[in-house]
Structure formats: C-alpha cells, structure tokens
2 protein chains.
Amino acid sequence: MNRTIPRGPYKPGKIRQNSEQCMLDAATQAFSRYGFSGTSMQNIADTAGVPKANVHYYFKNKMGVYTAVLGNILDLWDTVLNDITVTDNPATALCRYIDAKIDFSRTHPQESRVFAKEMLSGAPHLQEFLQDKYEAWLASRLRIFQSWIDAGKMDPIDPAHLLFMIWGSTQHYADFEPQVKQSLGTDTLHQEHFDAAAKTVKQVILKGCGLTPPAP
Amino acid sequence: MNRTIPRGPYKPGKIRQNSEQCMLDAATQAFSRYGFSGTSMQNIADTAGVPKANVHYYFKNKMGVYTAVLGNILDLWDTVLNDITVTDNPATALCRYIDAKIDFSRTHPQESRVFAKEMLSGAPHLQEFLQDKYEAWLASRLRIFQSWIDAGKMDPIDPAHLLFMIWGSTQHYADFEPQVKQSLGTDTLHQEHFDAAAKTVKQVILKGCGLTPPAP
DNA sequence: ACAAATCTTGTCTAATTGGTCAATTTTTTA
DNA sequence: TAAAAAATTGACCAATTAGACAAGATTTGT
C-alpha cells in the first residue's frame with residue numbers, strides 16, 4: 001500500500017531559483033566575453049562560486065546552459081519590444097523605440113553581446129526565434145511603417161533597411177564598446193554618453209525620415 | 001674557413017607566400033564562424049588542405065595565426081579608409097564613405113565578423129590599433145565634420161555619434177547577416193540588397209544631416 | 001650535380017575540458 | 001522527528017587540443 005502522495009514532477013524551490021539565476025548570470029558574463037567555446041564549465045562554476053558538478057546538476061550540459069542564457073535574453077528582448085505600444089505618431093513611436101534600444105545597450109551590454117556573437121556565428125540557435133517571434137514582430141512593424149508612408153506622414157523609406165539602421169546604430173554602443181570608449185575618450189560609458197547617443201540617433205533618424213521631433 | 005655566404009634572415013619565396021595566404025584564408029573563415037577558441041588548428045589545417053604540423057611551421061602558434069588574420073583585416077581596413085579622399089563637399093564625402101563601408105560588408109563579410117568578435121570580446125588585441133591608427137583617423141574625421149558644421153554646410157550633429165551611426169548601420173549587413181536575410185526574405189544577400197541598403201542609409205543620413213544628395 | 005636551405009608530414013605528449021558518479025550534506029515534508 | 005527529496009561536492013574518465021619534434025621530401029643556389 002502506498003501511503004505517500006507523489007508530489008508534482010518539478011517544484012522550483014527558492015534555492016533552485018536562486019542558484020540557477022546565479023549560474024545564469026555567471027554564464028552570461030563568461031559567454032559574452034569568451035564566447036561559447038572559450039567558456040569552460042569550470043569558469044562558469046568559479047564565477048558563480050560553486051563547484052563545477054553543481055552546474056551540471058542544474059543544467060543538462062554546456063549547451064543547456066547556453067540555450068538557457070539565450071532564452072533569457074530573448075525574454076528580455078520580448079519585454080523591451082512589447083513595451084513599445086505604437087501610437088499614431090511616427091515621431092513619438094520612433095523616439096520611444098530608439099530610447100528603449102539605447103537603454104538596453106546601457107543596462108544589458110553583456111546580453112547584447114551574447115546575442116551579437118550568436119548572430120555573428122550564423123545564429124544556429126536562433127532559427128526558431130527568427131522564424132517565429134521575430135518574423136511576426138518585423139512584419140507588424142513593416143506594415144506600420146508602410147501605413148505611415150502611405151498616409152504621407154513620413155518620407156518613403158525602405159522600412160526594413162530603416163529598422164536595420166536603428167538597430168545597428170543602437171546596438172553599436174554595447175557591441176563595439178571598446179571603439180566607442182576610445183572615440184569618446186572615456187574609460188567607462190556613463191548615462192550622459194548614452195543620452196548624447198540617443199539624442200544624435202533620434203535627431204538624424206527623425207529628420208532623415210522627414211519627421212519633426214515630438215514636443216516633450 | 002666559411003665558404004658559404006649566409007643569406008638574409010627571411011626570404012618570402014612564392015611557396016611561402018602562397019601557402020601562408022591559403023592558411024590565412026582558411027583561418028579567417030574558421031575564426032569568423034567559430035571564434036578563436038572554437039577554432040582548432042586541425043580545423044584550419046583541414047580547411048587549407050594541409051597537415052596540421054604545416055600550420056605550425058608557418059605560424060608560431062594559434063595566437064600567431066589569429067594576430068596575422070587580424071593584421072590582415074586592419075590592412076584591408078586601411079586601404080578602404082585611405083581610399084576615401086575628403087573633398088570639400090560633405091554630401092559627396094559621406095556618400096563615398098557609406099558606399100565603401102557597405103561594399104566592405106558585401107565583399108569581406110568574414111573579415112568584418114572576425115573584427116566584430118574581437119570588439120565584442122573587449123578588443124584585447126586591438127588596443128594598439130585603437131590608440132594609434134584609429135585614434136588618428138578618427139580625430140581627422142571629427143575635425144572635418146566640425147569644420148563643415150562651423151561653415152554651416154551641415155546641421156550641428158555630434159560627429160562621433162554620427163560616425164557610430166554610419167559604422168553601425170553599414171556593419172550590420174555583415175555582422176547580423178542571419179537577421180538581415182530573414183528580414184529581406186532571401187537565402188543569400190545579392191548586390192541589389194546592398195544597393196538598397198546603401199541607398200536607404202545615404203538617404204536618411206544625408207537628409208538627417210541637412211544635406212542634399214550630390215548629383216550623380 | 002650537389003649541398004644547403006626550405007618545406008612537408010606522421011607521431012607523440014602534456015594539459016585542458018565536458019561530463020559522470022557515488023557519497024555526503026542540507027532541506028523539505030508528513 | 002524521521003524519512004524522503006533536493007542539493008552539494010570531490011574524484012574520476014574519455015576525448016580533444018595545442019604544440020613539439022624528428023625524419024623525410026622538395027626546392028634553390030652555385
């Protein structure tokens with residue numbers, strides 16, 4: 001006779017949640033600097049302050065850690081992107097997007113770099129993301145841009161390439177940080193630098209699209 | 001008595017030159033896809049079609065191969081950048097630079113990616129480059145931009161951040177190729193895609209700076 | 001043609017790494 | 001409090017890798 005009631009298959013206690021996040025942070029840091037192959041499980045473990053075997057207890061294998069890190073980044077992206085509700089005003093919408101994107105480069109540089117390295121390697125683990133979520137997100141943006149153009153609210157500009165410009169310009173501050181630092185003559189990028197960046201990008205993009213900055 | 005006349009310390013015969021370039025190409029390809037740690041000497045050797053020991057004969061060690069690849073890329077960069085003579089017309093100069101940069105992304109995507117990965121990793125092997133050649137190149141550009149602004153030839157725009165915009169926008173087509181491909185719905189990027197890219201970037205940047213496109 | 005220099009290549013080694021496992025400790029639950 | 005579940009940990013293994021090296025093949029200079 002079985003007196004014990006079997007518990008559910010998985011109960012994420014606080015210990016697990018805490019340890020897992022700790023290792024995920026350590027892994028993100030390591031992957032962003034040394035890449036997937038350049039990062040050893042030992043390195044992740046050391047950074048997290050736990051023995052190596054512990055990492056294997058929480059994640060299936062090294063690729064498991066990596067995909068967890070990537071998934072975490074995509075979630076972050078999702079919240080950032082979905083936070084932007086498209087208003088009827090192109091200028092306002094573009095400004096909001098640029099500000100959010102620059103802010104992401106400032107607050108999540110490591111995540112940005114892991115994402116960039118994955119792209120640079122041919123994005124073998126982002127195919128699903130690109131074909132599902134990103135595809136849908138992009139299509140909706142292109143439609144909106146096109147509707148603005150059709151309505152005469154902005155210049156006729158290839159929407160996809162415009163998005164690339166915004167993406168590339170903003171991403172640059174996280175991904176090419178050494179170059180940016182050297183160029184701006186600073187050892188660390190501060191809020192003021194990102195403010196100047198956002199200001200310039202917004203200024204050029206808006207005017208370049210035939211838009212006038214929204215009143216603050 | 002010594003009858004043999006000692007030859008010079010290093011004579012790069014055709015064999016050496018050929019083999020070295022072949023291995024350098026193989027290494028560039030491997031590094032761009034798998035990164036430094038993810039690339040094995042065996043992989044480089046296989047791609048070049050030679051036994052592994054041969055690579056060690058031509059290069060001191062793995063880092064030697066990598067720095068050779070990086071140096072090669074910086075040379076390429078140098079020729080591209082120096083090819084742009086600054087005319088007195090801002091619009092023409094910017095167009096030339098954007099076209100050259102986009103063309104570099106098209107013709108040298110692997111080199112672009114190796115460079116980007118090095119930046120993403122904190123550019124530990126580019127410090128000298130950044131502090132010497134790049135620093136000088138940047139300063140001269142900033143002066144030119146400022147003079148244009150002072151002369152009222154273009155809007156007052158932070159020159160450094162403007163350069164980052166151009167750099168980031170153009171670099172994007174090599175570094176984020178999977179995203180670009182997916183967005184444009186193509187399996188391979190063709191000349192027409194890069195033409196559209198250059199057109200959009202020039203259109204937005206020029207107008208965004210208060211410039212009118214030069215007559216072709 | 002001959003000797004010296006250059007180039008090629010198979011083999012070996014020491015070190016690192018991802019991953020396994022069983023033993024132990026800590027936490028949870030009834 | 002006692003058993004069960006979850007978490008921690010050190011020791012171990014097999015595979016890969018960078019690099020060394022010596023012997024042999026080829027090219028080059030005289």
Side-chain angles (χ1 to χ4, degrees), chain A residues 1-27 29-31 33-70 124-125, chain B residues 1-27 29-31 33-70 124-125:
Chain A
M1 185 198 282
N2 194 356
R3 292 196 131 269
T4 64
I5 301 168
R7 59 166 57 188
Y10 178 77
K11 188 178 177 183
K14 283 190 176 176
I15 292 178
R16 180 175 206 95
Q17 203 168 334
N18 189 8
S19 295
E20 201 170 312
Q21 190 58 48
C22 182
M23 294 176 192
L24 226 53
D25 289 346
Q29 180 179 328
F31 283 138
R33 176 161 274 153
Y34 308 112
F36 177 79
S37 301
T39 297
S40 65
M41 296 294 275
Q42 190 67 61
N43 182 344
I44 296 175
D46 291 348
T47 305
V50 298
K52 188 180 65 146
N54 213 345
V55 183
H56 277 96
Y57 175 72
Y58 281 95
F59 299 93
K60 186 187 171 193
N61 50 24
K62 189 179 174 184
M63 186 56 74
V65 184
Y66 183 68
T67 53
V69 166
L70 264 190
H125 305 98
Chain B
M1 184 196 281
N2 193 357
R3 292 195 133 267
T4 65
I5 299 166
R7 60 165 57 189
Y10 178 76
K11 188 178 177 185
K14 282 191 176 176
I15 292 178
R16 182 175 202 93
Q17 203 167 334
N18 189 8
S19 294
E20 200 170 311
Q21 189 58 47
C22 182
M23 295 176 192
L24 224 54
D25 289 346
Q29 182 179 327
F31 284 139
R33 176 163 272 153
Y34 308 112
F36 177 78
S37 302
T39 297
S40 66
M41 296 295 273
Q42 190 66 62
N43 183 344
I44 296 175
D46 291 348
T47 305
V50 298
K52 189 183 67 154
N54 214 345
V55 184
H56 274 96
Y57 175 72
Y58 281 95
F59 299 93
K60 187 186 170 194
N61 51 23
K62 190 178 173 183
M63 187 57 74
V65 184
Y66 183 69
T67 53
V69 166
L70 263 191
H125 305 97

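Here is how names work: the chains are called A, B, and so on, in the same order as the sequence lines, proteins then strands, and each is numbered from 1. Only this structure's heavy atoms are used, side chains among them; waters, hydrogens and symmetry mates stay out.
Under the side chain to side chain donor-acceptor pair (under 3.5 Å) criterion, A:T47 pairs with A:N43, not counting sequence neighbours. Among residues two or more places apart in sequence or in another chain, the ring-ring contact (aromatic ring centres under 6.0 Å, His included) test is passed with A:Y66 by A:F31, A:F36, A:H125. In terms of the side chain to side chain donor-acceptor pair (under 3.5 Å) criterion, residue partners of B:D25 (sequence neighbours excluded) are, by chain and number, B:Q21.
Side chain of A:T67 to main chain of A:G64: a donor-acceptor pair is present (N/O by atom type, distance under 3.5 Å, no hydrogens or angles).
Sorted by first and then second residue, the ring-ring contact (aromatic ring centres under 6.0 Å, His included) pairs involving residues 39-62 of chain A (not counting sequence neighbours) form an empty list.
Atoms CG (B:N18) and P (C:dC7) sit 12 Å apart, rounded to a whole Å. As a whole-Å value, the separation of A:N54 CG from C:dT24 C1' is 13 Å. The separation between B:F59 atom CZ and D:dA18 atom P is 15 Å, rounded to whole Å.
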Under 4.0 Å protein heavy-atom contact, by nucleotide of nucleotides 11-22 of chain C - B base, S sugar-phosphate only: -------BBBB-
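Residue A:Y57 places at least one side-chain N or O under 4.0 Å from the OP1 or OP2 atom of D:dA7. Phosphate proximity of D:dA6 to A:Y58: absent, as no side-chain N or O sits under 4.0 Å from OP1 or OP2. Under 4.0 angstrom from either OP1 or OP2 of D:dA7 there lies at least one side-chain N or O belonging to A:R16.
In this structure, the separation between OG1 on A:T39 and CD on A:Q29 is 10.0 Å, given to the nearest 0.5 Å.
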